[in-house]
Amino acid sequence: QVQLVESGGGLVQTGGSLRLSCAASERIFSINEMGWYRQASGKQREWVGTTFSGGSTNYAGSVKGRFTISRDNAKNTVYLQMNSLKPEDTDVYYCYGAVRGAIYWGQGTQVTVSS
């Protein structure tokens with residue numbers, strides 16, 4: 001069982017920044033891919049971005065150019081740096097890891113962007 005613990009959510013004004021952290025219970029280089037989804041109440045969970053063990057990253061069009069995923073292998077942690085935040089970025093953000101044919105999810109962290 002891979003455990004993922006998220007932190008860093010909070011309240012920020014439009015145009016501000018937040019950095020979310022996702023700490024894994026095992027070495028993240030052994031996890032094929034890690035990334036982030038977000039979900040508003042009553043809506044479909046939306047893919048935000050992914051980082052792969054080979055070092056590449058992909059992003060949803062809605063966040064590309066504003067959000068950046070990075071990793072610190074020594075700390076077994078993946079980050080989501082969010083800049084130029086907009087009210088429509090208000091969601092619960094979930095990190096995930098895909099490894100050994102399974103998907104593991106963090107507990108979610110609330111991000112609220114005020115108008």
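Interatomic distance, Gln107 CD to Cys95 SG, rounded to the nearest 0.5 Å: 7.0 Å. To the nearest 0.5 angstrom, Glu33 atom CD is 9.5 Å from Asn58 atom CG. Atom CG of residue Leu20 and atom OH of residue Tyr93 lie 7.5 Å apart, to the nearest 0.5 angstrom.
Side chains of Tyr104 and Ile31 form no contact here, defined as non-hydrogen atoms less than 4.5 Å apart. Side-chain contact between Phe52 and Thr57 is absent, with no heavy atoms from C-beta onward closer than 4.5 Å. At least one side-chain heavy atom of Ser62 sits under 4.5 Å from a side-chain heavy atom of Glu46. Counting only heavy atoms from C-beta outward, the side chains of Thr109 and Val92 never approach each other to under 4.5 Å. Between Thr112 and Val12 the shortest side-chain heavy-atom distance does not fall below 4.5 Å. Between Val78 and Thr51, some side-chain heavy-atom pair lies under the 4.5 Å cut-off.
The salt bridge (charged side-chain N to carboxylate O under 4.0 Å, His left out) analysis of residues 81-100, with sequence neighbours excluded, yields the pairs Glu26-Arg100, Arg38-Asp89, Arg38-Asp91, Arg66-Asp89. Residues in residues 75-85 take part in these side-chain hydrogen bond (donor to acceptor under 3.5 Å, both in side chains) pairs, two or more places apart or across chains: Ser17-Asn83, Gln81-Asn83.
Pairing each heavy atom of Leu4 with each of Ala24, the nearest pair is CD2-CB, 3.7 Å. Contact between Pro87 and Ser115 at its shortest, heavy atoms only, is CG-OG, 3.9 Å.
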Using the rule given for side-chain contact (heavy atoms from CB on, under 4.5 Å), can you reason through Tyr94 versus Val48, listing the C-alpha separation, both sets of side-chain angles and the distance that settles it, and then say yes or no? CA-CA 10 Å; Tyr94 298 89; Val48 174; over 6 Å; no
Between Thr14 and Leu85, does the side-chain contact (heavy atoms from CB on, under 4.5 Å) criterion hold? Intermediate values first, please. CA-CA 5 Å; Thr14 297; Leu85 283 163; over 6 Å; no
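The main-chain N or O of Val113 is found under 3.5 Å from a side-chain atom of Thr90 such that the two form a donor-acceptor pair. Using a distance-only test at 3.5 Å, with no hydrogens or angles considered, a donor-acceptor pair links the side chain of Glu6 to the main chain of Gly108.
Listed by chain and residue number, Tyr37, Trp105 satisfy the ring pair (Phe, Tyr, Trp, His ring centres under 6.0 Å) test with Tyr96 (two or more places apart in sequence, or in another chain).
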